[in-house]
Every structure is written in structure tokens, then in C-alpha cells.
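Below is one structure, written out as C-alpha cells; the observations come after it.
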Amino acid sequence: MSLLAGWKQWARQVKREVFALYLAYKDPRTPWHAKLIAGCVVAYAFSPIDLIPDFVPVLGYLDDLVIVPLGLLAARKLIPPLVLSECRTRAQARMERQTPTNWVAARVIIAIWLALAALGVWLLTRYLRG
């Protein structure tokens, strides 16, 4: 297997795991603390907008390579194994039909970027005024 094919397979597995977390988040058998972690991981991973844009050298892919997998590990430890197993099966079936997108998370991240931009403009104007 080529290196590129290996990375693509890994990326598909991560997507499936994140979608399984989303399903586990919605499951009433999942404890609240696991839902909290899973919700944060899912919102960040499925958002079409990253806090660190991918075009930023090195740091741009840090979330894809480190933050999301670490969040997956933390959430999986808190979710009951039976629930996670059922959610993985459902995620696999649904991922074969479509790729989910979390537009609510996208709006939150856009709001954060806009707030940071506004803060930057405000600080720049204060600095330029002297």
C-alpha cells in the first residue's frame, strides 16, 4: 500500500470515528461527561472551517493530525463500549451514503474569527491613534 493510500484510509477511519461519536453524543445511554467531550470533538472535526486554516504552514494541519485524534481517544474512553460499537456500525452505514457537515459549528467558528478580526482592527486603530 502506498503512503498516500495509507493516509487516505486513516482519514476515512478518523471521519467514521468522529461520526460514531456524533451518534453516541445523541444516544441517551452516553454519560453527560462523555457527551461534553464528544460534542466538542465532533463540532470541531465536522466544521468546514478550522480555527487554524490549513494554508498556515505546519500549524494548519495540526488539528487534523493531533487535536482531533486526541479528542477521539478521550471521548472513546468515556463512552460505554456497547454504545460505541452500535454507533460505529450505524456510522459506517451512513458514511457510505453521505458525508455529514456541522453547520452550527461552522457558524460558531466564523463568529470567533469575526470577533478576532474586529478585536484586531480595534487594537490597530487604537495603536495608530497614538
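All figures in this text were calculated on a predicted structure; none of them were measured in a lab.
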Over all atoms of both residues, closest heavy-atom pair of [X] and [Y]:
X	Y	result
Val41	Val68	CG1-O, 4.3 Å
Pro80	Pro31	CD-CD, 3.7 Å
Ala38	Tyr25	CB-CB, 4.4 Å
Gly71	Ile37	O-CG2, 4.2 Å
Ala20	Ala91	N-CB, 3.7 Å

Give every donor-acceptor pair under 3.5 Å between a side-chain atom in residues 83-90 and any protein atom, sequence neighbours left out.
residue	atom	partner	partner atom	Å
Glu86	OE1	Arg29	NH1	3.4
Glu86	OE1	Arg29	NH2	2.5
Arg88	NE	Glu17	OE1	3.3
Arg88	NE	Glu17	OE2	2.7
Arg88	NH2	Glu17	OE1	3.1
Thr89	OG1	Ser85	O	3.2

Joint hydrophobic cluster, Val121 plus Leu116, side-chain heavy atoms closer than 4.5 Å: no
Side-chain heavy-atom pair Leu36, Leu78 within 4.5 angstrom cut-off: no
Distance flag, aromatic centroids of Tyr22 and Phe19, threshold under 6.0 Å: yes
Donor-acceptor contact present, side-chain Thr30 to main-chain Lys35, <3.5 Å: no
Other cluster members, Leu123 - Ile/Leu/Val/Met/Phe/Trp/Tyr, side-chain contacts below 4.5 Å: Leu119, Trp122
Worked verdict on Leu21 versus Ile79 for side chain to side chain contact (heavy atoms under 4.5 Å, CB included): CA-CA 9 Å; Leu21 279 188; Ile79 297 170; 3.3 Å; yes
